[in-house]
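I have placed the structure first, in the form of structure tokens, so that the comments after it can refer back to it.
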Amino acid sequence: MTESHARGRRQPPIWLWVVAGVLLVGVATTIGLLLGNRGGGPVPEAEVVTLPVPTPTVSPIARDTGTPFYDALPSTVLAFALSGTGQDEGMVNDGALEAYRLQYTDGSATLTLLAGQWPTTDEAAAEYQTLAQQLAAEASASAQPGAEPSAGSTASPAGPEEGAVLADGQEVGRFTYAPHADGSATIVWSNQSAVLRLDGPSDVLRDVYAAFPL
């Protein structure tokens with residue numbers, strides 16, 4: 001037998017078998033862990049990140065003490081601060097005992113609030129229905145094929161959305177939300193004997209309504 005044939009049949013060194021064995025054990029362990037997880041083992045819970053509630057960067061104007069209803073209207077709500085107050089004759093003419101027009105600003109955007117107090121919950125509910133029907137009519141008119149879009153309009157507004165106003169799980173009134181083609185929106189709602197209307201940018205109006213204390 002020649003020397004070259006002898007070298008061709010020489011067994012691999014022992015250290016090579018040791019390394020191969022270690023690798024096979026590692027692969028088997030990894031496969032076992034993966035298959036074990038497929039059986040519904042514990043999965044780490046996703047971390048919930050809570051964003052801070054926006055606060056105003058401008059100071060609300062000072063206002064004198066008034067009636068309990070007037071004092072219940074907030075001076076700040078989320079990033080918006082009170083920037084103006086006055087009486088609202090329109091709601092008074094509709095039967096409100098008292099009514100106010102308030103303006104809020106975050107330094108750039110403006111919200112306008114009309115808030116009135118009625119003698120009874122039934123009268124407040126009737127005023128709410130009148131305002132909600134007006135919103136529905138406005139939305140229907142703007143959705144007509146021949147209607148002219150408002151300046152700056154980029155899309156047709158969706159129809160009004162209506163739902164219950166809840167306090168401690170109990171229904172205390174109704175709300176109607178209507179976006180407009182110019183990017184603004186209006187929401188009207190009743191809360192027992194109070195009726196409120198809020199106008200402002202559609203991208204913040206829902207959050208302001210949800211945070212409104214009345």
Side-chain angles (χ1 to χ4, degrees), residues 53 60-61 63-78 80-105 109-144 147 150 157-182 184-214:
V53 176
I61 63 171
R63 58 175 175 166
D64 295 332
T65 301
T67 67
F69 177 71
Y70 175 76
D71 292 343
L73 300 173
S75 290
T76 62
V77 54
L78 298 184
F80 290 85
L82 186 67
S83 59
T85 64
Q87 304 287 325
D88 182 69
E89 296 298 331
M91 283 189 166
V92 172
N93 292 337
D94 288 344
L97 295 173
E98 55 182 312
Y100 307 96
R101 177 185 294 268
L102 281 67
Q103 286 192 322
Y104 297 85
T105 183
T110 300
L111 306 176
T112 299
L113 173 74
L114 303 181
Q117 181 83 50
W118 265 255
T120 66
T121 56
D122 288 342
E123 290 172 279
E127 175 69 9
Y128 161 75
Q129 286 297 333
T130 298
L131 295 178
Q133 289 170 5
Q134 290 175 355
L135 279 183
E138 293 170 4
S140 177
S142 64
Q144 294 300 321
S150 302
E161 172 191 342
E162 186 178 1
V165 176
L166 302 177
D168 297 327
Q170 301 296 316
E171 182 172 331
V172 295
R174 305 290 295 176
F175 78 88
T176 296
Y177 170 85
H180 307 306
D182 62 357
S184 66
T186 300
I187 185 166
V188 297
W189 73 97
S190 61
N191 185 341
Q192 297 183 352
S193 60
V195 179
L196 305 97
R197 170 177 172 144
L198 188 64
D199 291 271
S202 61
D203 60 345
V204 300
L205 207 66
R206 286 182 182 273
D207 290 339
V208 173
Y209 162 72
F212 209 83
L214 196 64

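Of the possible polar contacts, one joining the Thr105 side chain to the Ala109 backbone as a donor-acceptor pair under 3.5 Å is found. Checked by atom type and distance alone, the side chain of Ser193 never pairs as donor or acceptor with a backbone atom of Ala124 at under 3.5 Å. Side-chain atoms of Tyr104 come within 3.5 Å of backbone atoms of Pro74 as a donor-acceptor pair (strictly under, hydrogens ignored). Counting only distance, with no hydrogens or angles, the side chain of Asp182 and the backbone of Ser184 share a donor-acceptor pair below 3.5 Å. Listed for the Asp71 side chain is a donor-acceptor partner under 3.5 Å among the backbone atoms of Gly66.
Taken from CG in Asn191 to CG in Leu214, the straight-line distance is 5.5 Å, to the nearest 0.5 Å. The CG atom of Leu135 sits 11.0 Å away from the OH atom of Tyr177 when rounded to the nearest 0.5 Å. Rounding to the nearest 0.5 angstrom, the gap separating the CZ atom in Arg101 from the CZ atom in Arg197 is 9.0 Å. Rounding to the nearest 0.5 Å places CG of Leu97 at 10.0 Å from CZ of Phe69. Atom CZ of residue Phe175 and atom CD of residue Glu161 lie 4.5 Å apart, to the nearest 0.5 angstrom.
A heavy-atom distance below 4.5 Å is not found between the side chains of Leu196 and Tyr209. A 4.5 Å side-chain heavy-atom check between Gln87 and Val92 finds every atom pair outside the cut-off. Residues Phe80 and Val204 meet the side-chain proximity criterion, which asks for heavy atoms closer than 4.5 Å.
Ring orientation note: the planes of Phe212 and Trp189 are nearly perpendicular, at an angle over 60° on the 30°/60° scale.
Listed by chain and number, the residues in a side chain to side chain contact (heavy atoms under 4.5 Å, CB included) with Ala164 are Leu166, Glu171, Arg174 (sequence neighbours excluded). Annotation: side chain to side chain contact (heavy atoms under 4.5 Å, CB included) contacts of Glu127 (sequence neighbours excluded): Asp94, Trp118, Leu131, Val195.
Side-chain N/O atoms of His180 and Ser202 include no donor and acceptor closer than 3.5 Å.
Residue Val208 forms a side-chain contact (heavy atoms from CB on, under 4.5 Å) with just one option from Leu111, Ile187, Leu113, and that option is Leu111. If you run side-chain contact (heavy atoms from CB on, under 4.5 Å) between Thr176 and each of Gln129, Glu162, Gln133, Gln134, only Glu162 comes through.
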**Report entry** side chain to side chain contact (heavy atoms under 4.5 Å, CB included) between Leu82 and Arg63, intermediate numbers included
**Finding:** CA-CA 9 Å; Leu82 186 67; Arg63 58 175 175 166; 3.7 Å; yes

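In the displayed structure, Asp64 atom CG is contacted under 6.0 Å by at most 12 heavy atoms of other residues, nucleotides or ligands.
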